[in-house]
Amino acid sequence: MSDPLTPPEPRASELIGQALGSAARRAGLDPATDASTGDVVWRAMGGWRGIVESVLPGLVFVLVYTLTYDARSGVGDLGWSLGLSVGIAAVFTIVRLLGRSAPTAALGGLIAAAAAAGLALLTGRGEDNFVLGFITNGAYGTAFLVSALIGWPLIGLAAGWLTGDATGWRRDRRKRRVFFWLSIAWAGLFAARLVVQLPFYFAGDVTALGTLKIAMGLPLFAPLVAVTWLACRALYARRAEVGTDSDQTAAE
């Protein structure tokens, strides 16, 4: 019989944890594996293909826009820069579909690139190609921050589902503290992107904005993935070792 004084754990946490854990496992982020940190980060980025699919469309947009920039009008050729960028994302998606590999990453990139390009073409402002990215960073950052502050950090929900711990980690002060700070770190990453990039958006500096988006993408994502994976693996490796010791003691 449950304690009437103890509030039930929200079932939403299980659904969120399952969704986050499944996504993390597909990305190769499973603290139960014995893979090296480098292998885990490499899989999370999608290998060379994932890196190229993530970086190349944005890089082409920046290069073409900068090369076609007209100092008198103060704008670059939006048609060519956006068309080539979205076209490259479309090629990546088609290649994945033909190769019968999971097209999720490329398809997501294509949809995002097309939507951002549509907004920029609608307004005629190159900097508006980055608006959806700002919205995404704001949403992710808010989700990580709020989840940490209310005591249900998203990192903990994902790790709990991956390791079969469910919400048991909330009874462990050490785990709660680690998951709290990891979630705060992820919130800080998304907030940093907004703080650094928004001034260039308002200044209309498309070249600087595009360059910063690339520089603050995978180069910041990869180290934080490594730290998150190492921290989670350390927490649950410790539990596994304790369990093994207990089993040996019982056998003796």
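Side-chain atoms are counted along with the backbone in the values below, which use heavy atoms only and exclude waters and symmetry mates.
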Just how far is it from atom [atom1] of [X] to atom [atom2] of [Y], taken to the nearest 0.5 Å?
X: I111; Y: L132; atom1: CD1; atom2: CG; result: 12.0 Å
X: R170; Y: F179; atom1: CZ; atom2: CZ; result: 12.0 Å
X: F134; Y: L198; atom1: CZ; atom2: CG; result: 4.5 Å
X: L182; Y: L235; atom1: CG; atom2: CG; result: 8.0 Å
X: I88; Y: T93; atom1: CD1; atom2: OG1; result: 12.0 Å
X: L67; Y: L63; atom1: CG; atom2: CG; result: 6.0 Å

Q.
Are there over 12 heavy-atom neighbours, none belonging to W42, within less than 6.0 Å of that residue's CH2?
A.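 Check passes, neighbour count above 12.
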(Q) Tell me whether the NZ or CZ atom of R193 lies within the 45° cone about the ring axis of Y140 and under 6.0 Å from its centre. (A)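 No, cation not above the ring by the 6.0 Å, 45° rule.
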Work out which heavy atom in [X] is nearest to a heavy atom in [Y]; give both atom names and the distance.
X: P199; Y: V196; result: CD-O, 3.5 Å
X: A148; Y: F180; result: O-CD1, 3.4 Å
X: A89; Y: A113; result: CB-CB, 4.4 Å
X: L78; Y: G126; result: CD2-CA, 3.5 Å

Q) Should the pair W169 and W152 be assigned to parallel (<30°), tilted (30 to 60°) or perpendicular (>60°) ring geometry? A)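 Aromatic pair W169/W152 classed perpendicular.
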Q: Classify the angle between the aromatic ring planes of F144 and W186 as parallel (below 30°), tilted (30 to 60°) or perpendicular (above 60°).
A: parallel
If hydrophobic clusters are built by linking Ile, Leu, Val, Met, Phe, Trp and Tyr wherever their side-chain heavy atoms come under 4.5 Å apart, do [X] and [Y] end up in the same one?
X: W80; Y: L122; value: no
X: V131; Y: V62; value: yes
X: I135; Y: L121; value: yes

Heavy atoms, side chains only, cut-off 4.5 Å: are [X] and [Y] in contact?
X: L119; Y: R125; answer: no
X: I155; Y: C232; answer: yes
X: F190; Y: L145; answer: no
X: R96; Y: R49; answer: yes
X: F61; Y: L82; answer: yes
X: F200; Y: F130; answer: no

(Q) Out of the candidates L97, L110, V52, only one should pair with F92 under the side-chain contact (heavy atoms from CB on, under 4.5 Å) rule; please name it. (A)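 It is V52; the other options fail the test.
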Q: Answer yes or no: is there an ion pair linking D172 with R174, defined by an N-O contact shorter than 4.0 Å?
A: no
Show me, pair by pair, the donor-acceptor contacts under 3.5 angstrom made by side chains of residues 208-227, not counting sequence neighbours?
residue: T211; atom: OG1; partner: T207; partner atom: O; Å: 2.8

Q. Between Y69 and D77, is any side-chain donor less than 3.5 angstrom from a side-chain acceptor?
A.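 Checked: Y69/D77 side chains show no N/O donor-acceptor pair below 3.5 Å.
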Q. Is there a donor-acceptor pair under 3.5 Å between the side chain of Y65 and the backbone N or O of S81?
A. no
